[in-house]
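In this chain, residues are counted from 1 in sequence order. Since the structure is predicted, the reported quantities are computational estimates derived from the model, not experimental observations. Below, each value reflects all heavy atoms present in this structure, side chains not excepted, and no hydrogens, waters or symmetry copies.
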Amino acid sequence: MIPLDIFADPVCPWCYLAKAQLDRALEARPDHPFLISWHPFQLNPTLPPEGMDRGAWLHARFGADADRIDLPVLEAARTAGVEINLPIIATVPNTLNAHRLLHWAGIESAQTPVMAGLLRAYWREGLDIGASEVLIKIGADAGLSSDVLRRLLATDADIDIVRSREAHARDRGITAVPTFILDNVHVITGAQPAKLWMRVIDDLAAA
């Protein structure tokens with residue numbers, strides 16, 4: 001197996017689109033050699049724990065461009081045939097707890113279904129993935145114990161580990177997501193089309 005390390009934040013729309021394209025490639029190449037791991041990278045680490053109203057956040061961050069900032073994402077989603085439901089997204093959550101959930105999912109070999117659940121909940125269902133009960137449901141749907149998750153989320157368990165892993169990523173030079181590191185050597189950034197991933201898989205098979 002060849003490691004494919006993915007640095008992503010579930011509130012990043014390009015991460016959502018990137019995973020959709022990667023999924024299509026993996027479905028087309030079921031014998032792919034990738035051993036996928038998801039790594040924490042918070043786009044908005046300074047948000048309050050309860051998050052922030054999305055409209056207010058957009059205007060605070062982008063000013064006069066706030067009303068147009070989503071247009072490239074919507075166009076990319078339309079072109080790729082990926083469902084995205086921006087009008088029902090009310091909150092930009094702090095994703096520290098979502099990354100803790102992904103960390104725990106990694107222990108149970110359930111990271112990819114948990115990330116899929118986080119992305120679907122936020123970008124298609126408009127749920128607040130900073131809320132503990134939403135995270136518990138996503139984890140339980142991926143096979144994790146809801147009771148254990150409830151206890152863990154009520155504490156500061158593994159916050160230092162998640163923050164340390166993100167700091168390590170930034171020390172490695174990662175400044176944006178999604179970022180993919182293939183076999184600890186090759187870096188691929190952005191929401192690449194499925195055809196690129198299929199070509200990578202085919203090249204690896206040929207080699």
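A donor-acceptor distance shorter than 3.5 angstrom exists from the side chain of Ser145 to the backbone of Val148, with no hydrogens or angles considered. Judged by distance alone, with hydrogens and angles left aside, the side-chain atoms of Thr155 form a donor-acceptor pair with the main-chain N or O of Ala157 at under 3.5 Å. No donor-acceptor pair under 3.5 Å is formed between the side chain of Gln21 and the backbone N or O of Pro193. The closest donor-acceptor contact from the side chain of Gln111 to the backbone of Leu102 lies under 3.5 Å. Between the side chain of Glu166 and the main chain of Gln42, a donor-acceptor pair closer than 3.5 Å is present.
Side-chain contact between Pro93 and Tyr122 is present, with at least one heavy-atom pair separated by less than 4.5 Å. Looking at Arg172 and Ile181, their side chains come closer than 4.5 Å, going by heavy atoms from C-beta outward. Two residues are said to be in side-chain contact when any heavy atoms from C-beta on lie closer than 4.5 Å; Ile136 and Leu101 fail this criterion.
Relative to the ring axis of Phe41, Arg165 does not place its NZ or CZ within 45° and under 6.0 Å from the centre.
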Please lay out, stage by stage, how Leu96 and Ile159 fare under the test side-chain contact (heavy atoms from CB on, under 4.5 Å).
CA-CA 8 Å; Leu96 177 59; Ile159 285 177; 4.1 Å; yes
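Residues passing the side chain to side chain contact (heavy atoms under 4.5 Å, CB included) test with Ala56, sequence neighbours excluded: Met52, Asp53. With sequence neighbours excluded, no residue satisfies ring-ring contact (aromatic ring centres under 6.0 Å, His included) with Trp38. Scanning for salt bridge (charged side-chain N to carboxylate O under 4.0 Å, His left out) contacts around Asp202 gives Arg29, with sequence neighbours left out. Residues meeting the salt bridge (charged side-chain N to carboxylate O under 4.0 Å, His left out) test with Asp141, sequence neighbours left out: Lys137. Under the salt bridge (charged side-chain N to carboxylate O under 4.0 Å, His left out) criterion, Asp147 pairs with Arg150, not counting sequence neighbours.
Residues in residues 75-93 take part in these salt bridge (Lys or Arg N to Asp or Glu O under 4.0 Å) pairs, two or more places apart or across chains: Glu75-Arg78, Glu83-Arg124.
Of the N and O atoms on the side chains of Asp158 and Trp104, at least one donor lies less than 3.5 Å from an acceptor on the other residue.
Trp57 and Phe62 have perpendicular rings, their planes meeting at more than 60° on a 0 to 90° scale where under 30° would count as parallel. Aromatic ring orientation, Phe34 versus Trp197: perpendicular (interplanar angle above 60°, classes split at 30° and 60°).
Here the closest heavy-atom approach between residue Pro33 and residue Leu204 is recorded as CG-CD1, 4.0 Å.
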